[in-house]
Enquirer: 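Pasting a structure here, questions to come.
Since the model is a prediction, treat every value here as computed from it, not as a measurement. Numbering of ligands and ligand atoms starts at 1, following listing order.
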Amino acid sequence: MDQTRAPILDALADYRTRGRYGFTPPGHRQGRGVDERVRRVLGDAFRDDVLASGGLDDRRARGEYLSDAEKLMAEAVGAEMAFFSTCGSSLSVKAAMMAVAGGKDGGLILGRDSHKSIVAGLIFAGLQPRWVTPRWDTERHFSHPPSVDQIRDAWERHPDAAGALIVSPSPYGTCADIAGIAEVCHERGKPLIVDEAWGAHLPFHDDLPTWAMDAGADVCVVSVHKMGAGFEQGSVFHVQGDLVDYSRLSACADLLMTTSPNVLVYSAIDGWRRQMVQQGHDLLEAGLRLADRARTELARIPGIQVMEKELLGVEASHDLDRMQVLMDVFDTGATGYQAADWLREHRHLDLGLSDHRRIMATLSMADDDGTVDRLVEDVTAWREQLKDPQPHGIRLLAPEEIELETAMLPRDAFFGPVDTVPVAQAPGRIAAEQVTPYPPGIPVIMPGEVINEPVIEYLRTGIEAGMNVPDPADPELHTIRVVAK
Ligand SMILES: Cc1ncc(COP(=O)(O)O)c(C=O)c1O
């Protein structure tokens with residue numbers, strides 16, 4: 001195929017050139033109706049916001065702009081088929097789960113380090129999770145993706161599961177041995193789904209971790225906005241092989257998606273694919289070099305350990321995306337939350353992730369020497385002003401305390417009758433809601449799990465120390481929703 005084309009972008013340019021007009025949504029009519037005060041802030045953002053079918057393309061999508069762009073994407077990354085979505089990997093991963101396991105009894109094998117959107121998929125589709133506990137680094141309080149042996153063991157325990165799903169890279173940039181895990185799944189004729197929300201760039205440079213399609217996964221979902229250059233919410237599913245029914249996958253996505261997809265999101269994905277085919281290797285090469293420089297310079301700051309080798313190994317992660325610069329600030333005595341808040345307040349700098357002892361800078365191909373200089377200067381400034389930080393007081397968890405028993409189907413726990421109880425009364429009760437420190441977005445408590453006291457203490461003391469827990473009905477966690485007795 002001609003990878004110099006970008007069919008959706010071209011159609012958008014053509015829409016303008018021809019002076020098309022629609023008595024259709026969107027009602028702002030390419031910005032004509034927009035309040036001046038809105039325009040002053042948003043500029044031209046409305047100009048290209050047009051209806052997808054019956055606007056950009058005709059009412060039956062006969063121009064095939066979207067399907068052409070999807071074929072170009074599939075070819076560019078070596079998948080058999082690609083579908084674009086405008087609701088993030090949050091939607092794509094649910095569609096993949098429904099396509100693989102919906103309506104089947106055996107459940108789905110999943111890493112317990114799953115993102116909250118996967119838990120939402122379990123709730124929507126009524127699936128039984130067959131959890132695999134991630135490997136836990138007790139010294140650093142850090143989890144690593146499940147190993148091949150753990151997935152093999154899960155298949156032995158749950159041979160009727162419909163498939164397996166793993167997250168790789170994790171929000172910390174650590175990766176699973178996808179090839180090994182795919183092989184174990186395929187020995188049983190079962191598909192592997194990879195939530196590769198953080199891996200859209202992986203196909204375009206050999207020094208990045210192996211991307212899921214090359215490693216033999218059957219479906220993977222990526223967020224183009226995270227590590228690529230798409231607008232927020234742009235996501236792509238990639239699929240290959242004969243273990244997943246492509247039509248069913250597309251139908252599941254159709255069940256969940258909007259009927260008004262944002263063509264700006266689509267066209268940015270389309271243009272990004274062309275850019276990556278033409279320049280991706282060089283852009284990522286430069287990005288990786290910058291990330292190396294950032295690691296070296298940040299590691300010189302007293303008390304900051306830039307994590308790399310300690311993340312890799314037989315009992316740790318299989319690989320690492322080095323565009324993710326993870327800094328352990330434990331030796332400074334401060335929490336990652338404090339560092340991130342200080343950097344935002346005093347240096348107007350936001351970081352990709354913070355937790356009780358780490359901060360992470362997510363570099364992208366858009367960074368340059370100037371942005372890396374700023375990162376190093378700002379983190380240095382934070383470190384220099386830091387005096388006698390107070391102990392954080394977070395009650396950290398031991399591995400056996402994190403593993404909560406799943407006593408009910410997440411859907412039944414979520415939709416059934418609930419009680420709202422003070423957290424002190426929650427231990428022993430079955431959770432009816434997710435409780436997720438965000439970022440990284442991995443629920444500590446999921447609907448259907450039996451709550452224990454250490455987990456409540458961890459969350460309660462974590463919130464006091466600055467942890468953000470946005471999803472429960474009471475984000476301060478004075479109360480929690482549990483399954484009614
Ligand atoms: C591992 C993982 N999966 C899925 C998602 C959801 O992606 P999106 O924000 O594109 O909906 C995220 C978001 O942070 C994530 O970290």
Side-chain angles (χ1 to χ4, degrees), residues 82-98 108 110-125 129 131-132 134 142-146 164-176 178 181 192-202 209 211-212 217 219-238 252-253 256-258 261-262 264-266 268-269 272 317 319-321 323-324 326 340 350-355 358 360-362 364 434 436-444 446 468-471:
F83 301 103
F84 292 0
S85 135
T86 60
C87 194
S89 293
S90 299
L91 178 145
S92 309
V93 79
K94 289 184 194 87
M97 293 167 72
M98 286 164 67
L108 192 62
L110 316 113
R112 181 57 181 79
D113 55 349
S114 289
H115 185 258
K116 58 178 286 180
S117 56
I118 295 175
V119 181
L122 294 173
I123 295 170
F124 278 123
W131 294 121
V132 177
F142 190 84
S143 73
H144 294 281
L165 191 171
I166 56 165
V167 175
S168 181
S170 72
Y172 291 90
T174 52
C175 300
I178 303 176
I181 292 174
L192 172 66
I193 306 169
V194 179
D195 174 348
E196 210 169 40
W198 287 98
H201 59 317
L202 301 185
W211 106 278
V219 194
C220 80
V221 305
V222 303
S223 297
V224 174
H225 57 101
K226 289 194 196 302
M227 298 303 287
F231 283 112
E232 286 286 278
Q233 298 188 2
S235 166
V236 185
F237 314 66
H238 299 280
C252 290
L256 296 170
M257 76 178 275
T258 173
N262 187 322
L264 292 173
V265 175
Y266 280 160
I269 297 175
W272 176 73
S317 297
D319 207 345
L320 179 66
D321 177 2
M323 299 291 280
Q324 303 280 20
L326 183 60
D350 289 314
L351 291 177
L353 187 148
S354 58
D355 68 16
R358 284 165 283 260
M360 191 171 78
T362 296
S364 90
Q434 303 199 57
T436 314
Y438 214 102
I442 301 165
V444 171
M446 299 189 184
N468 175 42
V469 184
D471 50 4

Enquirer: Would you say Ser117 and ligand 1 have an N/O pair spaced under 3.5 Å apart?
Expert: no
Enquirer: State the CG-CG distance between Leu353 and Leu326, to the nearest 0.5 angstrom.
Expert: 7.5 Å
Enquirer: Would Gln233 count as a contact residue for ligand 1, given that I'm defining contact as a non-hydrogen atom of the residue lying under 4.0 Å from a ligand atom?
Expert: no
Enquirer: How many angstroms lie between atom CG of Leu91 and atom CE of Met257, to the nearest 0.5 angstrom?
Expert: 8.0 Å
Enquirer: Only heavy atoms of Val167, strictly under 4.0 Å: list the atoms of ligand 1 that pass.
Expert: 1 (C)
Enquirer: When you check the side-chain N and O atoms of Asp321 and His201, is any donor under 3.5 Å from an acceptor?
Expert: yes
Enquirer: Answer with yes or no whether Val93 contacts ligand 1, where contact means a heavy atom under 4.0 Å from a ligand atom.
Expert: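 Val93: no contact with ligand 1 (<4.0 Å).
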Enquirer: Checking a contact table here: which protein heavy atom is nearest atom 12 (C) of ligand 1, and how many Å away?
Expert: His115 NE2, 3.3 Å
Enquirer: For His225, is the nearest heavy atom under 4.0 Å from an atom of ligand 1?
Expert: yes
Enquirer: Give a yes or no on whether the ring-centroid distance for Phe142 and Tyr172 is below 6.0 angstrom.
Expert: yes
Enquirer: Tell me, do Pro171 and Trp198 make a side-chain contact under 4.5 Å, heavy atoms counted?
Expert: yes
Enquirer: How far does CG of Asp319 sit from OG of Ser168, to the nearest 0.5 angstrom?
Expert: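 The CG atom of Asp319 sits 8.5 Å away from the OG atom of Ser168.
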Enquirer: Hey, is the main chain of Glu232 close enough, under 3.5 Å, to the side chain of His225 for a donor-acceptor pair?
Expert: no
Enquirer: For ligand 1, which part of Ser90 has a heavy atom less than 4.0 Å away: the side chain, the backbone, both, or neither?
Expert: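 Contact part for Ser90 vs ligand 1: both backbone and side chain.
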Enquirer: Should you measure from each heavy atom of Ser223, which atoms of ligand 1 turn up under 4.0 Å away?
Expert: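 Here the atoms of ligand 1 in question are 7 (O), 8 (P), 10 (O).
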Enquirer: Considering only the protein, which heavy-atom contact is closest to atom 3 (N) of ligand 1, and what is its distance?
Expert: Asp195 OD2, 2.6 Å
Enquirer: Once you measure the plane-to-plane angle for Tyr438 and His115, does it fall in the parallel (<30°), tilted (30-60°) or perpendicular (>60°) bin?
Expert: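 Ring orientation of Tyr438 relative to His115: perpendicular.
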Enquirer: Please write down residue, atom name and distance for the protein heavy atom closest to atom 16 (O) of ligand 1.
Expert: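 The protein heavy atom lying closest is Trp198 NE1, 2.8 Å.
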Enquirer: Supply the atom-to-atom distance Lys116 NZ to Asp471 CG, rounded to the nearest 0.5 angstrom.
Expert: 3.5 Å
Enquirer: Closest non-hydrogen protein atom to atom 13 (C) of ligand 1, residue and atom name please, with distance?
Expert: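 Heavy-atom neighbour on the protein nearest atom 13 (C) of ligand 1: Lys226 NZ, 2.9 Å.
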Enquirer: Closest non-hydrogen protein atom to atom 8 (P) of ligand 1, residue and atom name please, with distance?
Expert: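 For atom 8 (P) of ligand 1, the nearest protein heavy atom is Ser89 N, 3.5 Å.
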Enquirer: Of the backbone atoms (N, CA, C, O) and the side-chain heavy atoms from C-beta on, which set of Tyr438 has a member under 4.0 Å from an atom of ligand 1: side chain, backbone, both, or neither?
Expert: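 Under 4.0 Å from ligand 1, Tyr438 contributes side-chain atoms alone.
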